Number of protein chains: 2
Amino acid sequence: MDERKQRILQAIVQDYIESAEPVGSRTIARRHDLGVSPATIRNEMADLEMLGYLEHIHTSSGRIPSSKGYRFYVDDLLPSKPLEEEEKALIDKWYMERVRRIDEVFQETARIISHVTKNVSLVLAPQMTQAAFRCLQFLPLDERRAIAVIMTDAGFIENKIVPIPDGAAFEDFQRMALVINGCLAGHTLDAISPAVMKTIREEIGDESLFEAAQEVIHRSLDTGKRERLYLGGTSEILSQPEFHDVEKVKEILLMFEEEQLLKDILHAHLGEGLKVTIGKENEVRGMQECSLMTATYHLDGELLGTIAVLGPTRMEYGKAMTLLNYMNGHLADVVKKFRW
Amino acid sequence: MDERKQRILQAIVQDYIESAEPVGSRTIARRHDLGVSPATIRNEMADLEMLGYLEHIHTSSGRIPSSKGYRFYVDDLLPSKPLEEEEKALIDKWYMERVRRIDEVFQETARIISHVTKNVSLVLAPQMTQAAFRCLQFLPLDERRAIAVIMTDAGFIENKIVPIPDGAAFEDFQRMALVINGCLAGHTLDAISPAVMKTIREEIGDESLFEAAQEVIHRSLDTGKRERLYLGGTSEILSQPEFHDVEKVKEILLMFEEEQLLKDILHAHLGEGLKVTIGKENEVRGMQECSLMTATYHLDGELLGTIAVLGPTRMEYGKAMTLLNYMNGHLADVVKKFRW
DNA sequence: TGTTAGCACTCTTTCCAGTTGAGTGCTAAA
DNA sequence: TTTAGCACTCAACTGGAAAGAGTGCTAACA
């Protein structure tokens, strides 16, 4: 793979991303100053096809990049350009204007990403399991019920109604809260071991009270695992010529409805930094003609969540990468602002 | 509009709903036992077109119903049939299997409606403004902050972090909670008047404390107004031949992204019972080739929210109406089960 | 007088053949 | 090694012909 081949591949990928039409040797020669004639380019293209970087619909059509071609382009040929200052300012402005509560941060992030990249965006919001348990408190509701309020370090508060077992009083619950807080404070929720639970059981003593406690803790774990997913710009993707076929649109919309599937996909990329999965590299049916770019964002070293761009393989990788890299670092600042 | 015309109109609408093709006199004569020849039907069709119930694409095409035609069909010709017992059982099963928390009730309702009708469903979940304020409590968070927990009769609990003003202590907040609970208990949130606020101000005495209280109350009002909207089956609509054109799909998907617009539309129908808005009767651009069927559900006489079916004008009105009527009565029961 | 059969007419859809144009692959010359 | 030239391929477009569905009108019929 000599340098000229690389330049030609780069030219083809860029032209194809722009035009969505198979590109021919003549077009490349005219639009890019490679200093060689179309015939030479044709020879190189034949080689590139042999090597698996390009594809051919039929004998007399131009070339389009294969998944392998995009992969090489993304890994080695992508011209990097930082985000414009004014774009950064605009993004800050959007956050300022439209976000009032912490969960709106993610909604707005999804909006921004889809708006800038003209593709679908996905934002997986922090899961409580990664955040440390902070404290649990009970509030009296009526004679037979109490409200459990559970807080974590990441700024999330959950609540649940618990029935007070016969023979117990609200005061027992308050005592129980002390025990639980003593044992669990600082633990991440998925680090709560059976041994710790056993200690709690012994300290509480009463079996029916412990069952209530267990339910609360179980619930907080359960809620924690329920990561939230925000989708943006599902209609943007329809502007792309590859989605002019309604059947394909349907397939992808159907995928968007399967929230758990999307969460699992994003979850699998958690902690991997910026990663691009191109075309057939995607295992999920319905995404084989798409590329997915994911990035994980952090806050003070603690894993927070995943942001992603989903578009046709012919997406503007450079732009998407630039934006995700920026949001990656920026999102932590925004979250901090809307934290406690 | 004699009876024969009505039967012919009914036959045309039904056939068109089924086939999505303009229907001709011969088809009607063959498929429906009207006892007259195609020629007679042609004459009647010409009359119906004159009266505005039918439309004509070009000289030699069959007829399709106009908005007026659908309107007459829905109002006067719709054959009513109750939901099958087994369908009811299936719906109950779905709720049982998939719903764990109160907000999942609405998500699942949307799923069920879209699944049964093969159209898009919209569910506007209860707004707190309609629910009565139950009580407010504070929990200590640290020296300078407290957590406010607000509960309403409808089973919703919201929380918010409030800073404790300099010079005040957590105990002042507890005193404040007593005052607020005394003044607001039983009020619906939108019935909290300036006069009541003034009383609270006087009873609290301290200005900075009152400001904190005001913020909490304002926040609970604010959250209350944020009705939640659940969408289901956006991909279903693509199976309909009228959405084979990607431009139309895009237009409607774009509408789905404007959550506030959808909320406003559903909100406008709140309290009107079962209502059908057909084709051009819809004022919103992008919905002019669709019909929207809405129904409001109640719980113990208290307004809860709106459920709706959105589909092409050629939707199966009978089925949708049957289902909405059933869900209408049924949803209250389900909500009750998942309430406190 | 309402109903029906017959027929001419309209318009869409489908098919086919011919043409155009973009693009390739190969060969031979520079 | 590069390039010009040329034959070849294939998709996309064009125009016309034929088929088919359906209408509207007229005249006959019960």
Side-chain angles (χ1 to χ4, degrees), chain A residues 1-9 11-66 69 241-242 244-245, chain B residues 1-9 11-66 69 241-242 244-245:
Chain A
M1 188 77 155
D2 59 40
E3 210 217 302
R4 194 173 65 186
K5 277 198 180 56
Q6 293 189 15
R7 287 185 61 197
I8 290 176
L9 178 58
I12 292 172
V13 175
Q14 277 173 6
D15 273 29
Y16 184 62
I17 284 176
E18 215 181 291
S19 69
E21 302 277 304
V23 291
S25 52
R26 166 185 284 264
T27 319
I28 295 295
R30 207 184 317 121
R31 304 242 302 239
H32 299 261
D33 196 22
L34 294 170
V36 288
S37 77
T40 311
I41 293 174
R42 273 207 292 283
N43 289 330
E44 295 287 42
M45 280 164 118
D47 291 355
L48 283 167
E49 189 173 346
M50 203 81 82
L51 293 165
Y53 295 104
L54 295 180
E55 279 172 6
H56 224 184
I57 306 288
H58 59 267
T59 329
S60 74
S61 82
R63 258 63 175 218
I64 60 171
S66 65
E242 27 273 275
H244 266 21
D245 175 18
Chain B
M1 188 75 155
D2 57 40
E3 210 218 303
R4 193 172 66 184
K5 278 198 180 53
Q6 292 190 15
R7 287 185 62 198
I8 290 175
L9 179 58
I12 293 172
V13 175
Q14 277 173 4
D15 273 29
Y16 185 62
I17 284 176
E18 214 182 292
S19 69
E21 303 275 305
V23 291
S25 51
R26 166 185 284 265
T27 319
I28 295 295
R30 208 185 317 120
R31 305 244 299 241
H32 299 260
D33 195 21
L34 295 169
V36 288
S37 78
T40 310
I41 293 174
R42 273 206 292 283
N43 290 331
E44 295 286 43
M45 279 164 120
D47 290 355
L48 283 166
E49 188 173 347
M50 203 82 81
L51 293 166
Y53 295 104
L54 295 180
E55 280 171 7
H56 224 182
I57 306 288
H58 58 268
T59 330
S60 74
S61 81
R63 259 64 174 215
I64 61 171
S66 66
E242 28 273 275
H244 266 22
D245 176 19

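Please read these numbers as outputs of a predicted model, since none were measured by experiment. By convention in this document, chain letters (A, B, ...) are assigned in the order of the sequence lines, proteins followed by strands, and residues within each chain are numbered from 1.
Taking atom CD of B:Glu21 as the reference point, atom P of D:dT23 lies 14 Å away to the nearest angstrom. Residue A:Leu34 contributes atom CG, which lies 18 Å from atom P of D:dT1 at whole-angstrom precision. Between B:Asp15 atom CG and D:dA21 atom P there is a gap of 16 Å when expressed in whole angstrom units. To the nearest angstrom, C1' of D:dA21 lies 15 Å from CZ of B:Arg31. When rounded to the nearest whole Å, the span between CE of A:Met45 and C1' of C:dG23 equals 9 Å. When the P atom of C:dA22 is taken as reference, atom CD1 of A:Ile57 falls 19 Å away, rounded to whole Å. Going from atom CG of A:Leu54 over to atom P of C:dG23 covers 15 Å, rounded to whole Å. To the nearest angstrom, P of C:dT1 lies 17 Å from CG of B:Asp2.
When distances are taken from the side chain of B:Thr27 to each of D:dG22, D:dC10, D:dT23, the shortest belongs to D:dG22. With C:dT24, D:dT3, D:dG24 as the candidates, the nucleotide lying closest to the side chain of B:His56 is D:dG24. The listed nucleotides are C:dT24, D:dA4, C:dT4; the one nearest the side chain of B:Asn43 is C:dT4. Proximity note for A:Ala46 (side chain, C-beta onward) versus D:dT3, D:dT23, C:dG25: the nearest is C:dG25. Residue B:Arg42 places its side chain closer to D:dC25 than to any other of D:dC25, C:dT24, C:dT4. If you check D:dT2, D:dC10, C:dC11 against the side chain of A:Thr40, the one that comes closest is D:dT2.
Put simply, A:Ser61 has no side-chain N or O that comes within less than 4.0 Å of OP1 or OP2 on D:dA11. Phosphate contact (OP1/OP2 of D:dT9, side-chain N/O of A:Thr59, threshold under 4.0 Å): absent. The side chain of B:Arg26 places no N or O atom within less than 4.0 Å of a non-bridging phosphate oxygen (OP1 or OP2) of D:dG20. Contact annotation: A:Arg63 side-chain N/O to C:dT24 OP1/OP2 distance is under 4.0 Å.
When all heavy atoms are compared, the tightest approach of B:Ser66 to B:Glu55 is CB-OE2, 3.5 Å. Closest heavy-atom contact between A:Pro65 and A:Tyr16: CD-CD2, 3.5 Å.
Using a 4.0 Å heavy-atom cutoff across all strands shown, B:Ser60 reaches at least one base atom of the nucleic acid.
Atom CD of A:Gln14 sits about 7.5 Å away from atom CD1 of A:Ile17, to the nearest 0.5 Å. For the atom pair CZ (A:Arg42) and CZ (A:Arg26), the distance works out to 9.0 Å, reported to the nearest 0.5 Å. Residue A:Thr27 holds its OG1 atom at 12.0 Å from CZ of A:Arg63, rounded to the nearest 0.5 Å.
Looking at which nucleotide of DNA chain C each of B:Gly35 and B:His58 is closest to, the 5′-most match is held by B:Gly35.
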